K.L.:
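I have a structure I would like to understand better, so I am pasting it below and will then ask my questions one at a time.
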Amino acid sequence: ETFESEEVYAVPFEDLLKQLRERTERVLAMGGADKLAQRKAEGHLNARERIDYLVDPGSFVESGMFAAGIRAEVRDKTPADAKVAGFARIAGREVALVSNDFTVLGASSSVINMKKIKHVKQVAGKRGLPLILLGESSGARMPDRMGAAGRAIIAQDPAEYQRLRETPWASALLGACYGSSTWYSAMSDFVVMRKGAVMAIASPGVTSIAINKPIEAEELGGWKLLTGVSGLADLAVETDEQALDAIKRFLSYLPGHHREPPPEHPVPPGSDDACRKIFDILPESRNKVYDVRKIVTAIVDTGSGFELKERFGKSIATVLARLDGKSVGFIASNPLFKGGALDADACQKVTSFMVLCDSFNVPLVFLVDVPGFLIGVEGEMRGMPGKVINWMNALSLVTVPKITIILRKSYGQAYINMAGGKGADEVALWPMADLGFMDPAVSVNVLHGLRQEDDPERFAKLVAEVQRDTSAWALAELYEAQNVIDPRDTRDYLIRTLAVHRMRLKMGVGEHRLANWPTSY
């Protein structure tokens, strides 16, 4: 029996499969052979090569391969609509990612490709996948965003720029980055940029018109500005490959999502040795400086240190590392820069790092050698009191374990900010710790109006009295510190103490009270 509605216009399967092959080839051709050749000649990877380099071989599943620009005049010129999106694995772990294709209309943001970003982002949040954004874009696509019709297609999702830190976000700036690449980088937990890339609100051409004077791209948003002045980038590297390697390394310290602990890694042989030689790094004279990053390196598992914002707020170091194979975040005073005094940049840097670690279940270790805050007119003009209190507020909201080791100085208000007293779960002191409000010699001058040259003998006696009240033993006797340890035992002490304090977390997971803290500052 047959039906009257029997199909008459059926298309052979082979014809449909041929269409699929042809459309796939057009998409994979991206912006064309000439543009791809130009990128290769410049030594840069294209959008798809970046994905191939970053992820496990054969693991990429594309989402929106056949998307195209919504306007008729560009529909055949926008393969994948300039943003390659989908899901893949890195070291066997699922991730979500978007790689901007600058060979297609400068990877400009459109109605369609922003739908792709939204979908991938939503899946990442819902399914617990890290989100990776490989940025390079010319900004909003014109004329799509112009006029009333253009206004009607933006701001349709009130949560588009919301961060609740359910999963880690990592961004790479790999060329000219304006528009969405800028916004999503500013929202990310980690930003790496290739030297020569630029990130800004608008291009130099547009900015020059706005400010009525010429400006160079590097001056507007180059790597020196972003890593050393604004702090919006964590790291600058030479090549695309190094940037992608940095993303892989950053994610290796963090869980896939906020409801699981960070992954554990094997402990390299010999990791206990360097801490036994810590006196080769620390000078006996407290007036001599040293690089605290070498102290961190001596304490942690061999080769596991990964510093964030090295060129920004340099009087304090923020380092992801591992102890006994487990992720730890170090906040360490660095006397090598400004004597370790905390300025506005250092405050912003530390607050951002605490937000990262608390959001993704990474315990914090404070290594303290701080003379206080850097006071002066410049700090007040930059709102220093607000930055100090933001730090204190964030510290009070941290729910991951906090362990403080006071190495040498811990003066003034900075004692509180660097998790002294009840600001930490445990406080240990090195025997040379000094807990004064300020340097003993300055204290004598302030309290007694006496300078060394006025009466050297009396001055020395008064200094000794001040030091007696501010020694490690005085604090330990009051049980404001739980221990005084041999510096060479610091690694062992931290491993053992962190094992105790991780027990209060449910399966290594904190309460994430900082999850919606602003992403930039």
Side-chain angles (χ1 to χ4, degrees), residues 30-31 35 38-39 42 44 46-47 50 64 67-71 73-75 77-85 97-118 120-121 131-157 160-161 169 171-188 191-194 196-223 225-226 230 232-233 243 519-520:
M30 305 168 71
K35 290 182 179 179
Q38 181 182 350
R39 295 188 69 82
E42 293 170 349
H44 306 321
N46 65 51
R50 287 167 180 164
I70 200 168
R71 298 177 71 92
E73 65 268 27
V74 300
R75 194 166 295 140
K77 303 176 184 177
T78 49
D81 203 20
K83 298 186 192 294
V84 184
L97 70 163
V98 178
S99 182
N100 285 5
D101 182 4
F102 205 79
T103 69
V104 177
L105 298 187
S108 51
S109 298
S110 74
V111 176
I112 301 302
N113 63 36
M114 293 307 290
K115 286 175 64 178
K116 292 171 67 171
I117 292 178
K118 179 180 179 180
V120 169
K121 188 175 65 170
L131 178 64
I132 300 169
L133 302 146
L134 306 182
E136 190 177 13
S137 62
S138 56
R141 185 174 299 171
M142 299 299 176
D144 301 45
R145 298 296 180 93
M146 297 172 66
R151 299 297 87 187
I153 63 175
I154 64 174
Q156 295 301 303
D157 179 7
E160 182 176 353
Y161 299 112
W169 287 19
S171 290
L173 306 174
L174 300 172
C177 294
Y178 311 110
S180 65
S181 289
T182 296
W183 312 135
Y184 280 106
S185 290
M187 293 171 69
S188 294
V191 180
V192 58
M193 68 184 301
R194 189 191 72 223
V198 177
M199 184 189 85
I201 292 175
S203 69
V206 173
T207 303
S208 296
I209 295 171
I211 64 176
N212 198 30
K213 70 175 184 179
I215 189 167
E216 296 296 324
E218 282 291 324
E219 182 186 359
L220 182 65
W223 72 271
L225 176 75
L226 266 63
S230 71
L232 288 175
T519 53
S520 300

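Here the structure is a predicted model, which means the values were calculated and not measured. Basis for what follows: all heavy atoms, side chains included, without hydrogens, waters or symmetry-related copies.
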K.L.:
Looking only at heavy atoms, what is the nearest atom pair of Ser108 and Arg141, with distance?
P.N.:
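Scanning both residues, the minimum pair turns out to be OG-NE, 2.9 Å.
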K.L.:
Does Lys83 reach the side chain of Val120, with side-chain heavy atoms less than 4.5 Å apart?
P.N.:
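Side chain of Lys83 against side chain of Val120, heavy atoms only: no contact under 4.5 Å found.
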K.L.:
Would you call Leu173 and Val191 a side-chain contact if the rule is heavy atoms closer than 4.5 Å?
P.N.:
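Touching, per the 4.5 Å side-chain cut-off.
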K.L.:
Keeping Ser99 on the side-chain end and Ala47 on the backbone end, is there a donor-acceptor pair under 3.5 Å?
P.N.:
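Flag set: sc Ser99 to bb Ala47 pair under 3.5 Å.
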K.L.:
Considering all heavy atoms of both residues, which atom of Gly31 and which atom of Lys35 are nearest to each other, and what is their separation?
P.N.:
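So the two residues come closest at O-CD, 3.5 Å.
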K.L.:
Under the side chain to side chain donor-acceptor pair (under 3.5 Å) rule, collect the residues that match up with Thr78, sequence neighbours excluded.
P.N.:
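Counting only residues at least two positions away or on another chain, Thr78 forms no side chain to side chain donor-acceptor pair (under 3.5 Å).
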K.L.:
Is the shortest heavy-atom distance from the side chain of Trp183 to the side chain of Glu160 under 4.5 Å?
P.N.:
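No - every pair of side-chain heavy atoms lies 4.5 Å or more apart.
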K.L.:
What distance do Trp169 atom CH2 and Met187 atom CE have between them, rounded to the nearest 0.5 Å?
P.N.:
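It is 4.0 Å, given to the nearest 0.5 Å.
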K.L.:
Would a distance-only check, ignoring hydrogens and angles, find a side-chain to backbone donor-acceptor pair under 3.5 Å from Thr182 to Cys177?
P.N.:
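Here the side-chain-to-backbone pair exists.
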K.L.:
Using a 4.5 Å cut-off on heavy atoms from C-beta on, say whether the side chain of Tyr184 contacts that of Leu131.
P.N.:
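Leu131 vs Tyr184: side chains apart.
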K.L.:
Taking only residues two or more places apart in sequence or in another chain, which ones pass side chain to side chain donor-acceptor pair (under 3.5 Å) with Ser180?
P.N.:
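By the side chain to side chain donor-acceptor pair (under 3.5 Å) rule, Ser180 matches Ser109.
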K.L.:
Looking at every non-hydrogen atom in both residues, tell me the closest pair between Ala67 and Lys116 and how far apart they are.
P.N.:
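That closest heavy-atom pairing would be CB-CD, 3.9 Å.
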K.L.:
Taking only residues two or more places apart in sequence or in another chain, which ones pass salt bridge (charged side-chain N to carboxylate O under 4.0 Å, His left out) with Glu73?
P.N.:
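With neighbours one apart ignored, the set is Arg71.
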K.L.:
So, do Trp223 and Glu218 sit near enough that their side-chain heavy atoms are less than 4.5 Å apart?
P.N.:
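Yes, at least one pair of side-chain atoms sits under 4.5 Å.
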K.L.:
Identify the two heavy atoms, one from Met199 and one from Ser185, that lie closest to each other, and give their separation to 0.1 Å.
P.N.:
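Taking every non-hydrogen atom into account, SD-CB, 3.7 Å.
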K.L.:
Would you say the side chain of Met30 lies within less than 4.5 Å of the side chain of Arg39, judging by non-hydrogen atoms?
P.N.:
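Counting from C-beta outward, Arg39 and Met30 never come under 4.5 Å.
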K.L.:
Please identify each residue that fulfils side-chain contact (heavy atoms from CB on, under 4.5 Å) with Val198, with sequence neighbours left out.
P.N.:
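Residues passing side-chain contact (heavy atoms from CB on, under 4.5 Å) with Val198: Tyr178, Ala217.
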K.L.:
Looking at Ile201, I want to see if its CD1 is surrounded by more than 12 non-hydrogen atoms of other residues, nucleotides or ligands under 6.0 Å.
P.N.:
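Incorrect, the count does not exceed 12.
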K.L.:
Could you work out, with side-chain contact (heavy atoms from CB on, under 4.5 Å) as the rule, every residue matching Lys118, not counting sequence neighbours?
P.N.:
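In terms of side-chain contact (heavy atoms from CB on, under 4.5 Å), with neighbours along the sequence ignored, Lys118 is linked to Gln122, Asp157.
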K.L.:
According to side-chain contact (heavy atoms from CB on, under 4.5 Å), who are the partners of Glu219, at least two apart in sequence or on a separate chain?
P.N.:
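Ile215, Glu216.
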K.L.:
With Thr103, which residues qualify under side chain to side chain donor-acceptor pair (under 3.5 Å), at least two apart?
P.N.:
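Counting only residues at least two positions away or on another chain, Thr103 forms a side chain to side chain donor-acceptor pair (under 3.5 Å) with Asp101.
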K.L.:
Rounded to the nearest 0.5 Å, how far does CZ of Arg50 lie from CD of Glu136?
P.N.:
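So the gap between those two atoms works out to 4.5 Å.
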K.L.:
Who passes side chain to side chain donor-acceptor pair (under 3.5 Å) against Ser181, sequence neighbours left out?
P.N.:
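Once residues adjacent in sequence are excluded, the partners of Ser181 under the side chain to side chain donor-acceptor pair (under 3.5 Å) criterion are Asn100, Ser137.
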K.L.:
Which heavy atom of Thr207 sits nearest to which heavy atom of Ala202, and what is that distance?
P.N.:
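Shortest heavy-atom contact: OG1-O, 3.4 Å.
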K.L.:
Mind checking what makes side-chain contact (heavy atoms from CB on, under 4.5 Å) contact with Ile70, not counting sequence neighbours?
P.N.:
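side-chain contact (heavy atoms from CB on, under 4.5 Å) list for Ile70, sorted by chain: Val111, Ile112, Asp144.
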K.L.:
Between Arg75 and Ala68 (side chain of the first, backbone of the second, donor and acceptor by atom type, cut-off under 3.5 Å), is there such a pair?
P.N.:
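Judged by distance alone, no pair lies under 3.5 Å.
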